[in-house]
Amino acid sequence: MAEQIEITLPDGSSKQVPAGITVADFVKTNIGAGLARAALFARLDGDELDLSRPLNRSGKLTVFTNKSREGLDLIRHDAAHVMASVVQRLFPGTQVTIGPSTEDGFYYDFYRKEPFTPEDLQKIEAAANEEIRKDLPFVRKEVSRDEALQLFEKLGEKFKIEIVEDIFAKGAKTLTLYSHGDWVDFCLGPHAPSTGRIGVIKLLNVAGAYWRGDHTKPQLQRIYGTAFFEKKDLDAWLKQQEEAKKRDHRKLGKELDLFAFHPAAPGAAFWTHRGTLLFHALGNAMRGLCLRNGYQEVKTPLMYNKMLWERSGHWGKYRENMFLILDNETKEHDFSLKPMNCPSHHLLYQMKRHSYRELPIRYHTQDVLHRNEATGVLSGLTRVRQFQQDDAHIYLMESQITDEVKRLSELLKKVYEAFGLSYTARFATRPVQRIGSDETWDRAESGLRAALEKTGLAYELKPGDGAFYGPKIDFDVSDSIGRKWQLGTIQLDYEVPERFELGYIGEDNKEHRPVLIHRAIYGSFERFIAILIEHYAGNFPVWLAPFQARIVTVADRHQPWAREVYEKLQSRGLRVELDESSEKLGAKIRDAQLMKVPYTLVVGDKEVEGKGVSPRVHGEGKQADLGYLPLDPFIERIEREAAIPF
RNA sequence: GCCGACAUAGCUCAGUCGGUAGAGCAACGGUUUCGUAAACCGUAGGUCCCCGGUUCAAGUCCGGGUGUCGGCUCCA
C-alpha cells in the first residue's frame, strides 16, 4: 500500500491520495474531467510539473490551463522547441542553442553560416504549424552527465555540450531531456502534453545575437516568433502591433513636423519650430519646478581640456564614448565635448568656499551633451549622440541623504504622474568597470538602498548595473510597443567629491567632504519626448502642444478679426497659428485635425459680429464643435488648460 | 561595433525579364469665398543614397561606402 500524501487545492480544500499518482490522474479523479482535458501543467508549491509527473509529496497544487498567462508562456516555450526541431530538419547542419519564451512570444538562437531569409522563415513557420497538427507528445526523460554528453556529441551540438558541462559543474545530478517526434533537447520543463496544444505559431523576424550575450563570442541567428492558443488571439495581437506602430515617435515626428534627422549628423536631431516649442514647453516646466524646489540653474562650457576628464575618471573609463577634438597646433586630442555635466558642475562648486549652512547645494542644467554611441545602437530619439538632460547635481552632507532621496522620489512621482506615465524603479549596484574602493561602494550602496527603502517605493535589483562612479536608482517607463526605457535616475557618489577634493566648512569650522547625488527626471529631453509622443499618440495636452490653437477663417472677409484674435492670444503668451488660406473650411479643419492642434478656432460672420470664436477641440464627433464663444471666456478656458501641471 | 533587411519627387508609395522613371497628396499659378475631416483646372518638381564594376544598355545585376530599420552588445 502506497504512502498517503495530502494535496491542497487553491480553494483551500485538500485531498488524501496515494503517493506516486500522476498529476493528470490526480486532476481527473479528484477535480474533474473538464480540467483534466484543459490542463497544461501544474505547480506543486514552487515546483513546476508536467501532467505525466508523479506527485511524491504533500503540498499545494495549482493547475494551469489555456486561461492563464502561465499557460501561454508554456506553449510559447513549446513552440520554441517545435520551431527548433523543424529548423534542424529543413536546414541540416544548423546547431541549436537556447530558446526561451518572452513577454510577447519566444525566440530560439541557432548557429548556421548562411543567413535565414524571410522565405526560409515562411517555410519554417508552415512546417512548425504542421508539427502542431501532428499532435506529437512531449516525452520527458532524465539522463546522467555521461549519457547527456554522449547524446549531444553524437548530434554534434557544440553549444549544447557547453551548457551541459556548465549545468553539471554547478552540481546537477541529472539532466532532463524532452523530445517530440524524433527531436530531442534538454530543458528544465515543463512542457504541454503534446504539440497539438500550442494552437498557432507565427514567426516574426530574424536577428543577430551573441552566444551567451557576449560580443566576443560567436554570433548566432535568433528567430523571433510568437504563439497563441487561438488564431483569433494571434490576429488581435498582430492588429494591436499595427496600432502601436502608428504611435511610433519617428512616424509621428515626421507627420506632426516635430523633428528630423539628416545623414550629415547621424544621431543628432534637427528640431523644427513645432518641435522646438514642445521641447521648450518641457524645459520651462522643469526649470520652474527646480527653481521652486531649491535648485540653482547654471550653464557650463560644452568643451573641455582632457585635464578635467583625467581628474573625473572619464578619460580612463569613458573615453570611447567621448567625441575628442583634434587640436590643430598640438596635433593631439586634448579637448573633448562633454558627455556629462557632472565634472563641470564640480568646477563651478569649487570656485567658491561653501558652508554647511548652504547644503544641500543643487545645480540644475539643461546643456547639450555628446556621447559617441556605436552606430548600431542609434534609434530615433530614444538613442542619440547629442542630447540634453534635465540634469542636476546635489552636494550635501551624509546625514542629508535619506531626506534628499525622499524629496527626489516625490519630485519624480509628481512629474511622471502629471504625464500619466507609469514607471518602475531599479536599484543598480557596482559594475565591473568602476572607480573607487570597495569600502566606499559598500557605504554608497547601503546608504542609497536605505534611503530608497524609506521612500516605500517598490524596486527591482540590478546587480552590476551601476554607473562607474556610484550606485543608482533608475526609473523606467514603457513605450508604445512595450519596450522599457530608462528615463529618470538618482545616483549616489562618494568617489568623485574625493577626486575633485570638494569641501565645505562645517559647524566645527573644519573642512569636510560633501556627498554627491546625480539626478535626472526626464532623463533626456530627446528620449522623454519620444516616450511622450507615443504615450499621447501625438495628441498633446494643451500645456505641451506645439501650437495650442489654430485660427481658421471661413472666407477672406473674416481675416481682419481672425488676425485680431491671433494677436490677442499671442499677447497672452499662448502658442497660436493662423490659417487665412482660401481653402474651404472643411479642408482647413482637416489640416488642423491632422496636425492634432488642441483647438481649432473657426472665425466667420457670426464670430466677427459677436467678437468671438467657435472653438473645435481636437477629436472626432459632434461634441468636438463647442459652438460660439465670446473671446474672453475662451481665453479663460485655454489658459486654464495651458497651466503647467507641476 | 556585430548579424540581417531596406534606401525611387517634400511626404506615402508603384516601377514586370536589364531597354532611358510614374501615381496620389503637398508645392506653385489661376478660378472659387465656401460654416466643422480633402473645391476645380493647370504648372513645375528626379544625381532612382554615394563611389566603382559588369553590360551595347543599370533604378533594376555585382563590390565597397553612408544612412535608416529589426535585434545583439552597450546606454539617458
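What you see is a predicted model; the values in this text were computed from it and never measured.
- Look at CG on Asn372(A): it is 16 Å from C1' on U73(B), rounded to the nearest Å.
- Separation of the P atoms belonging to G52(B) and G42(B) is 42 Å when rounded to the nearest angstrom.
- Among the nucleotides C34(B), A37(B), C75(B), the one closest to any side-chain atom of Arg557(A) is C34(B).
- Across every strand in view, U33(B) sits unpaired, with no contact that passes the Watson-Crick or G-U test at under 3.5 angstrom.
- Look at the P atom in both G45(B) and C61(B): the space between them is 29 Å, to the nearest Å.
- Across all strands shown, G70(B) pairs with C3(B); the Watson-Crick or G-U wobble distances both stay below 3.5 Å.
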Legend entry - salt bridge (charged side-chain N to carboxylate O under 4.0 Å, His left out) between Glu255(A) and Lys251(A), worked out: CA-CA 6 Å; Glu255(A) 287 171 5; Lys251(A) 185 172 156 65; 3.1 Å; yes
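- Sequence order on RNA chain B of the closest nucleotides to Leu487(A) and Val603(A) puts Val603(A) first from the 5' end.
- Across A37(B) and G46(B), the matching C1' atoms stand 32 Å from one another, rounded to whole Å.
- Of the nucleotides present, none pairs with G18(B) by Watson-Crick or G-U wobble criteria with both distances under 3.5 Å.
- The Val602(A) side chain lies nearest to U36(B) when the options are C72(B), U36(B), U33(B).
- Rounded to whole Å, the separation between the P atoms of C6(B) and G64(B) comes to 15 Å.
- In this structure, Asp493(A) and Ile517(A) have side chains that are not in contact, with every pair of non-hydrogen atoms separated by 4.5 Å or more.
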Legend entry - Criterion salt bridge (charged side-chain N to carboxylate O under 4.0 Å, His left out) on Asp474(A) and Lys472(A), from CA distance to verdict: CA-CA 6 Å; Asp474(A) 283 335; Lys472(A) 57 180 186 169; 3.3 Å; yes
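- Checking G67(B), G35(B), U31(B) against every side-chain atom of Leu585(A), the shortest atom distance belongs to G35(B).
- Asp605(A) has its CG atom 14 Å from the P atom of U33(B), to the nearest Å.
- For Ser379(A), the listed nucleotide lying nearest its side chain is G70(B); candidates were G1(B), G70(B), U33(B).
- Nucleic acid contact for Leu204(A): none, since no nucleic acid atom lies under 4.0 Å from a heavy atom of the residue.
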Inset, instruction - Carefully, step by step, assess Glu641(A) and Arg637(A) under the rule salt bridge (charged side-chain N to carboxylate O under 4.0 Å, His left out). - result: CA-CA 7 Å; Glu641(A) 293 174 15; Arg637(A) 174 178 173 144; 3.5 Å; yes
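- Summarising the local packing, CZ of Phe91(A) is surrounded by more than 12 heavy atoms from other residues, nucleotides or ligands at distances under 6.0 Å.
- Of all nucleotides listed (U68(B), A76(B), G35(B)), A76(B) comes nearest to the side chain of Arg371(A).
- Note on Glu373(A): a base of the nucleic acid sits closer than 4.0 angstrom, heavy atoms only.
- Candidate nucleotides A38(B), C11(B), A39(B) were compared by shortest atom distance to the side chain of Lys254(A), and C11(B) ranks first.
- Taking the P atoms as reference points, A5(B) lies 15 Å from G65(B), given to the whole Å.
- Heavy atoms of Ser614(A) sit under 4.0 angstrom from at least one base atom.
- For Asn205(A), counting side-chain heavy atoms from C-beta on, the closest listed nucleotide (A39(B), G70(B), C72(B)) is G70(B).
- For Ser582(A), whose side chain is taken as the heavy atoms from C-beta onward, the closest listed nucleotide among C34(B), C72(B), C69(B) is C34(B).
- Counting only heavy atoms from C-beta on, Tyr210(A) has its side chain closest to C72(B) among C72(B), G35(B), A76(B).
- With centres under 5.5 Å and a plane angle under 30° as the test, the ring of Trp485(A) is not stacked against the base of A76(B).
- Residue Ala265(A) is the one, among Arg385(A) and Ala265(A), whose nearest nucleotide of RNA chain B lies closer to the 5' end (criterion: closest heavy atom).
- Side-chain rings of Tyr522(A) and Phe525(A) approach one another, their centers coming within less than 6.0 Å.
- Residue Gly213(A) is classed as a sugar-phosphate contact, given heavy-atom separations below 4.0 Å to backbone atoms only.
- For the C1' atom pair drawn from A44(B) and G22(B), the interatomic distance equals 15 Å after rounding to whole Å.
- With C1' as the reference atom, A27(B) and A9(B) are 11 Å apart, rounded to whole Å.
- Of the nucleotides present, none pairs with G46(B) by Watson-Crick or G-U wobble criteria with both distances under 3.5 Å.
- G35(B) and U43(B) have their P atoms separated by 30 Å, given to the nearest Å.
- Across all strands, Val384(A) comes closer than 4.0 Å to base atoms (heavy-atom distances).
- Donor-acceptor pairing under 3.5 Å, judged by distance alone, is present between the side chain of Arg527(A) and the base of C75(B).
- When the nucleotides G4(B), C34(B), C72(B) are ranked by their closest atom to the side chain of Pro115(A), G4(B) comes out on top.
- Aromatic rings from Phe547(A) and His273(A) are positioned such that their centres are separated by under 6.0 Å.
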